[in-house]
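Every heavy atom of this structure was used, including side-chain atoms; hydrogens, water molecules and symmetry mates were not.
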Amino acid sequence: LILAMSFVLGGLLGAALVLLRELRQSTFRAADELETRTGMTVLGQIPRIPAGRRAKVLKYLADKPTSAAAEAVRNLRTSVLLANPDNPPQVIMSTSSVPGEGKTTQSLGLAQNLAGLDKKVLLVEGDIRKLVFAQYFNIKGKKGLISVLNGQASIEEAAVFEPSLNADVLIGEKSRTNAADLFSGDEFTDFLDEMRSTYDYIIIDTPPVLAVPDARVIGRVVDAVIYTVKWDSTTQRQVTEGLKS
């Protein structure tokens, strides 16, 4: 009798805890929920990529073109290009609310997919505070974005063709100048104008919106912004504040 009562009470307690957690849930778990809350269109949903380490992400997408992740990135590419059929975006910025939402992986996958259309693609590391591209590419001893903006190197000298991406990569560099000030200058605008005549698509990976103002500054001069939201992780308040910014 005691065991039976314990079983019933335990079940009731477990159900109560689950119900309480659901009532307190403040993240996004469905695309329509995200669209209703933000008023924005969800371009795609990319599942977690089982690559183990960041360096293996591109290899996984290239080796498994029919996987769920590869198909999801392909659908995202289609949605981005069809968002404005009369004037497709050429310079695309990737950002999110907070770190760890997958925006960099998404930008790499999109660049790889666009290059698969026989287009000339440039992937720019706009997050010069963290410099995470070193975890994806083995690029050492090369000039980067800061050198190009300062006139210390040309884009031909700094950009590196990455076979796994089938596109050019322009890594970031540490700078004594504040990143937001750097991207606010005319040099960055002139740089993008020059790249528009050289490349079919330019993908810029930027820091999270709520962390630093860099993405808000870069967003002024791009054609489209892809805003990544991590499933059941990013809170509704963070997404709302980020999109407002």
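Side-chain contact check for D168 versus V160: every heavy-atom pair is 4.5 Å or farther apart. Here the side chains of R77 and L117 are in contact, with some heavy-atom distance below 4.5 Å. Within the 4.5 Å cutoff, side-chain heavy atoms of Y60 are placed close to those of K64. Contact annotation: the side chain of D127 never approaches that of T206 to less than 4.5 Å [non-hydrogen atoms, C-beta and beyond]. By the 4.5 Å heavy-atom criterion applied to side chains, I171 and L145 are not counted as neighbours. Proximity of L81 to Y201: side-chain heavy atoms (C-beta onward) are separated by under 4.5 Å at one or more points. At least one side-chain heavy atom of V239 sits under 4.5 Å from a side-chain heavy atom of T38.
The shortest heavy-atom contact between P213 and A180 is CG-CB, 3.9 Å. Nearest heavy-atom pair across Q45 and V42 is CG-CG1, 4.4 Å. The two residues G126 and P207 make their nearest non-hydrogen contact at O-CD, 3.8 Å. When all heavy atoms of L122 and A159 are compared, the closest pair comes out as CD1-CB, 4.5 Å. Counting all heavy atoms, side chain and backbone alike, V148 lies closest to A158 at CG2-CB, 3.6 Å. E35 and M40 get closest at one heavy-atom pair: CG-O, 3.2 Å.
Within 6.0 Å of CG on D118 lie no more than 12 heavy atoms contributed by other residues, nucleotides or ligands. The neighbour count for K142 NZ, taken as heavy atoms of other residues, nucleotides or ligands under 6.0 Å away, is above 12. Residue L3 qualifies as open at atom CG: its count of foreign heavy atoms under 6.0 Å is 12 or below. Shown here is F161, whose CZ atom has more than 12 heavy atoms of other residues, nucleotides or ligands within 6.0 Å. Within a 6.0 Å radius of CZ in R129, more than 12 heavy atoms belonging to other residues, nucleotides or ligands are found.
For the atom pair NZ of K143 and CG of N150, the computed distance is 9.5 Å after rounding to the nearest 0.5 Å. To the nearest 0.5 Å, atom CZ of residue R54 and atom OG1 of residue T105 are 6.5 Å apart. Interatomic distance, CG of L34 versus OG1 of T41, reported as 10.0 Å (0.5 Å rounding). The distance from atom NZ of K230 to atom OG1 of T27, rounded to the nearest 0.5 Å, is 11.0 Å. From I203, atom CD1 reaches atom CD of Q112 across 12.5 Å, with rounding to the nearest 0.5 Å. For the atom pair E125 CD and F137 CZ, the distance stands at 9.0 Å (nearest 0.5 Å).
Between Y227 and the choices S96, S94, S97, the side chain to side chain donor-acceptor pair (under 3.5 Å) rule is met once, by S97. The only option from E173, K174, R176 that meets the side chain to side chain contact (heavy atoms under 4.5 Å, CB included) definition with I146 turns out to be E173.
With hydrophobic clusters built from ILVMFWY side chains whose heavy atoms lie under 4.5 angstrom apart, I92 shares a cluster with I46. One hydrophobic cluster, built from ILVMFWY side chains closer than 4.5 Å, cannot hold both V98 and V212; they sit in different ones. Linking Ile, Leu, Val, Met, Phe, Trp and Tyr residues whenever their side-chain heavy atoms come within less than 4.5 Å leaves V217 and L210 in two separate clusters. The cluster map of Ile, Leu, Val, Met, Phe, Trp and Tyr, joined by side-chain heavy atoms under 4.5 Å apart, puts F191 and I202 in the same cluster. Residues V209 and L182 do not share a hydrophobic cluster, clusters being chains of Ile/Leu/Val/Met/Phe/Trp/Tyr side chains in contact below 4.5 Å.
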Going through the checks in order, is the side-chain hydrogen bond (donor to acceptor under 3.5 Å, both in side chains) test met by T235 and Q238? CA-CA 5 Å; T235 65; Q238 287 172 327; 3.2 Å; yes
Carefully, step by step, assess V169 and I139 under the rule side chain to side chain contact (heavy atoms under 4.5 Å, CB included). CA-CA 9 Å; V169 176; I139 301 176; 4.1 Å; yes
Could you check T234 against F28 for side chain to side chain contact (heavy atoms under 4.5 Å, CB included), going step by step and ending with a plain yes or no? CA-CA 7 Å; T234 318; F28 294 100; 5.6 Å; no
Give the intermediate values and the outcome of side chain to side chain contact (heavy atoms under 4.5 Å, CB included) for residues V91 and Y199. CA-CA 10 Å; V91 181; Y199 292 91; over 6 Å; no
Between F133 and D205, is a side chain to side chain contact (heavy atoms under 4.5 Å, CB included) present by the stated rule, with each step listed? CA-CA 10 Å; F133 274 24; D205 180 53; 3.9 Å; yes
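A salt bridge links R74 with E71: the closest approach of a Lys/Arg side-chain nitrogen to an acidic carboxylate oxygen falls below 4.0 angstrom. Under 4.0 Å is where a charged nitrogen must lie from a carboxylate oxygen, and between R196 and D223 at least one such pair does. We find that E241 and R237 are joined by a salt bridge, their nearest charged nitrogen and carboxylate oxygen being less than 4.0 Å apart. Between K120 and D200 there is no salt bridge, since none of the side-chain N atoms of the basic residue sits less than 4.0 Å from a carboxylate O of the acidic one.
Side-chain polar atoms of T228 and Q106 form a donor-acceptor pair below 3.5 angstrom.
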